[in-house]
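Data block below; observations after.
Protein chains get the first letters and strands the later ones, always in sequence-line order, with residue 1 at the start of each.
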Amino acid sequence: MLDLKWLRENPDAARAAAIKKRMPDRVAAVDRVLELDAELRALTPTLDGMRSEQKSASKEIGRLAPAEREQFLARQKERKVELAALEEREKALRADIDHQLALVPNVPDAEVPEGKDDTENVEVRRVGTVRDFGFAPRAHYDIAEAQGWVDFKRAADMAGSRNYILFGDLALLHDAVLRFAVDLMVGRGFVPVDPPLLVRDSAMFGTGFVPGGEEQTYRCEKDGLNLIGTAEVPVTSLHGGELLDEAELPKKYVARSACFRREAGTYGKDTRGLYRVHQFQKVEQVIIDVADKARSIAHHHTIVENAEDLLRAFELPYRVVAVCGGDLGVPQAMKYDIETWMPSRNAYGETHSASRFYDYQARRLAMRYRQKDGGKPLVCHTLNNTVAASPRILIPLLENHQQADGTVHVPAALRPLLGGRGVLGRPIW
RNA sequence: GGAGAGGUGGCAGAGUGGCCGAUUGCGCCGCCUUGCUAAGGCGGUGUACCGGAAACGGUACCGGGGGUUCGAAUCCCCCCCUCUCCGCCA
């Protein structure tokens, strides 16, 4: 969430932020916060004064002679009643402010392009060349089904639509990709993490997925736990509520985890194949660092490059887009998506999403650090990006590296993880 | 699932109705001392909000929420969490 003090001084910027993000209903939250805050601020000095009076009077009592007590106690009881009403109002105001403030979205950076949805994202760069096949390329699901690598029918029977079962070499490739991603990041100093997949509401709230993302989340009502949609949730929450030392920052983590998404409201969208599924594996990079905008931006570029390096190693053409305001989520200040070429879509498809939040998540998580040179503790900055999400990344791998006979070329980088093999599958066509 | 113990400041750990925003130790900061990469002495050191230029003053906060009381870290109720033992099981 935003700093309330900042919000007080910059209400127009906060309103403009919600508008740029195409969240008109959240503009109201800004106004509501300001109203409630004004009321609370007007109330506070009175309340503090009354409490102070009552408190000091209470201290007197212990020293009073029994005869004087009666009178004193009567007065104290009056004060108590007077206080009670105001305190109730104070409590309600506090709760409302917290609630409304949590709805106010993070402010998108100036460099975030204007736009209503993902069609208006702005291409930043394009890397690699789209291959000229010299034959009619097939979609990943055709290749995979022909090779016996995937079974959508049985998956749907046992688990519903948008599920899949991987077999054989594709299951191995899936794992190789993830392992490669982890190794790449560990080589760059990121600490590998195997996090909880079921988390409390506080972690969902802290990372900004709730309120707002409830429909996307599988929830175990009985236990009050949520299946994570990304390791961003547990890993960013890792130091929630902590007061860190500046010396231990930045914290860099890489987590491989299963991810679960309900994909509500996407009926009829991307129904075929491995693109949009309820469950997948993802390797995620998370950085927690000091409250320094320039450093956050530098980290942002770094984590995008990390993902690009993976795609280059996989010999895949991709492009980087700057996500526009309307396609930005509540907590993000700026986001780059990386889209990898998918021949079956005849388009680039999103495979990575790199976000910076500044202190928006960390404030919700109460994650601060003590400055090296003293002074007040500051709220951390956080960032994250995909390294590899599979099976989605298998789409470009299969489709771009397919050969006319239905076998699949293995990029050199992945061969050590596949027993040295350079080709997967048997000739089919 | 059954039984018990406990959740206090950056950490450890006292405190069982007013003298407690909280002893003490560690850590950290400052000063001093000292013949050796260490030790010692003294002082300081929570967070948030309100007021103030500041010094400082006020209020809230001892897992969370209710309650008793003139007054609660301390008593009562509910919830959450952690630990130990037993059971069960990967």
### Query
P atom, B:rG6 versus B:rC75: distance in rounded Å?
11 Å
### Query
Touch check for A:Arg368, heavy atoms < 4.0 angstrom, all strands: base, sugar-phosphate only, or nothing?
sugar-phosphate
### Who pairs with B:rG71 - Watson-Crick or G-U, where each distance is under 3.5 Å
none
### Query
For B:rG30, which nucleotide in any strand shown is its Watson-Crick or wobble partner with both distances under 3.5 Å?
B:rC42
### Message
How many whole angstroms separate atom CG of A:Leu378 from atom C1' of B:rA48?
### Response
15 Å
## Note on the structure
When rounded to whole Å, the CG to C1' distance for the pair A:Leu243 and B:rU47 reads 9 Å
## Note on the structure
Separation of B:rG57 atom C1' from A:Arg51 atom CZ, nearest Å, is 17 Å
### Message
Say we look at B:rG4 and B:rG43: how far apart would their C1' atoms be, to the nearest angstrom?
### Response
45 Å
### Query
When rounded to the nearest Å, what value does the distance between P atoms of B:rG17 and B:rU33 take?
47 Å
### Message
On RNA chain B, compare the nucleotides closest to A:Arg370 and A:Pro45; which residue's is nearer the 5' end?
### Response
A:Arg370
### Task
Evaluate whether atom CZ of A:Arg154 has more than 12 neighbouring non-hydrogen atoms of other residues, nucleotides or ligands under 6.0 angstrom away.
no
### Query
With both distances under 3.5 angstrom, what nucleotide forms a Watson-Crick or G-U wobble pair with B:rU23?
none
### Task
State the pairing partner of B:rC56; accept Watson-Crick or G-U wobble contacts with both distances under 3.5 Å, and report none otherwise.
B:rG51
### Task
Write down the distance separating the P atoms in B:rG21 and B:rC85, rounded off to the nearest Å.
39 Å
### Task
Check whether more than 12 heavy atoms from other residues, nucleotides or ligands sit under 6.0 Å from atom CZ of A:Arg179, and answer yes or no.
no
### Task
Could you let me know what B:rA90 is paired to, Watson-Crick or G-U wobble, both distances under 3.5 Å, or none if it's on its own?
none
#### Entry: Whichever of A:Arg200 and A:Glu53 has its nearest RNA chain B nucleotide further upstream toward 5'
A:Glu53
### Message
Could you tell me how far apart A:Lys55 (NZ) and B:rC50 (C1') are, to the nearest whole angstrom?
### Response
14 Å
### Query
Is there a side-chain polar atom (N or O) of A:Ser52 under 4.0 Å from OP1 or OP2 of B:rU59?
yes
### Task
Report yes if a side-chain nitrogen or oxygen of A:Lys376 is closer than 4.0 Å to either non-bridging phosphate oxygen (OP1 or OP2) of B:rA48; otherwise report no.
yes
#### Entry: Pair assignment for B:rC85, Watson-Crick or G-U wobble, requiring both distances under 3.5 Å
B:rG2
### Query
What's the verdict on side chain to side chain contact (heavy atoms under 4.5 Å, CB included) for A:His278 and A:Glu263, showing C-alpha distance, side-chain angles and the deciding distance?
CA-CA 7 Å; A:His278 287 307; A:Glu263 297 296 349; 4.1 Å; yes
### Query
How far does the P atom of B:rG64 sit from the matching atom of B:rC81, given to the nearest Å?
15 Å
### Message
For the CD atom of A:Glu82 and the CD atom of A:Gln54, what is their distance to the nearest 0.5 Å?
### Response
10.0 Å
### Query
Do any side-chain nitrogens or oxygens of A:Arg94 fall under 4.0 Å of OP1 or OP2 in B:rC49?
no
### Query
Between A:Leu40 (CG) and B:rG51 (P), how many Å, whole number?
11 Å
Nucleotides 64-69 of chain B: which of its N/O atoms have a protein N/O under 3.5 Å away?
residue: B:rG66; atom: OP1; partner: A:Lys91; partner atom: NZ; Å: 2.8

### Sub-4.5 Å side-chain heavy-atom contact between A:Pro211 and A:His99
no
### Task
Kindly compute the distance separating CZ (A:Arg261) from OG1 (A:Thr266), expressed to the nearest 0.5 Å.
11.5 Å
### Query
How is A:Lys5 classified with respect to the nucleic acid when contacts are heavy atoms under 4.0 Å: base, sugar-phosphate, or nothing?
sugar-phosphate
### Query
If the P atom of B:rG41 is compared with that of B:rU24, how far apart are they to the nearest Å?
15 Å
## Note on the structure
Taken to the nearest whole Å, CG/A:Leu101 to C1'/B:rA48 is 14 Å
### Query
Any chance CD of A:Glu88 has more than 12 other-residue heavy atoms, nucleotides or ligands included, within less than 6.0 Å?
no
### Task
Could you tell me whether the phosphate oxygens of B:rC50, OP1 or OP2, come under 4.0 Å of any side-chain nitrogen or oxygen in A:Arg8?
yes
#### Entry: Side chains of A:Gln332 and A:Arg356, donor plus acceptor under 3.5 Å
no
### Query
Any ion pair linking A:Asp98 and A:Arg94 (charged N to carboxylate O, less than 4.0 Å)?
no
### Query
Given atom CG of A:Leu47 and atom C1' of B:rG51, what is their separation to the nearest angstrom?
15 Å
### Query
Counting side-chain heavy atoms from CB outward, which of B:rU59, B:rU47, B:rG71 is closest to A:Ser58?
B:rG71
### Message
Ring centres under 6.0 Å, that's the criterion: do A:Phe280 and A:Phe260 meet it?
### Response
no
### Query
What distance, rounded to whole Å, do you find between the two P atoms, one in B:rA54 and one in B:rA60?
23 Å
### Task
Could you work out the separation of B:rG13 and B:rA90 based on their P atoms and round it to a whole Å?
36 Å
## Note on the structure
To the nearest angstrom, the CG-C1' distance between A:Asp245 and B:rG27 comes to 10 Å
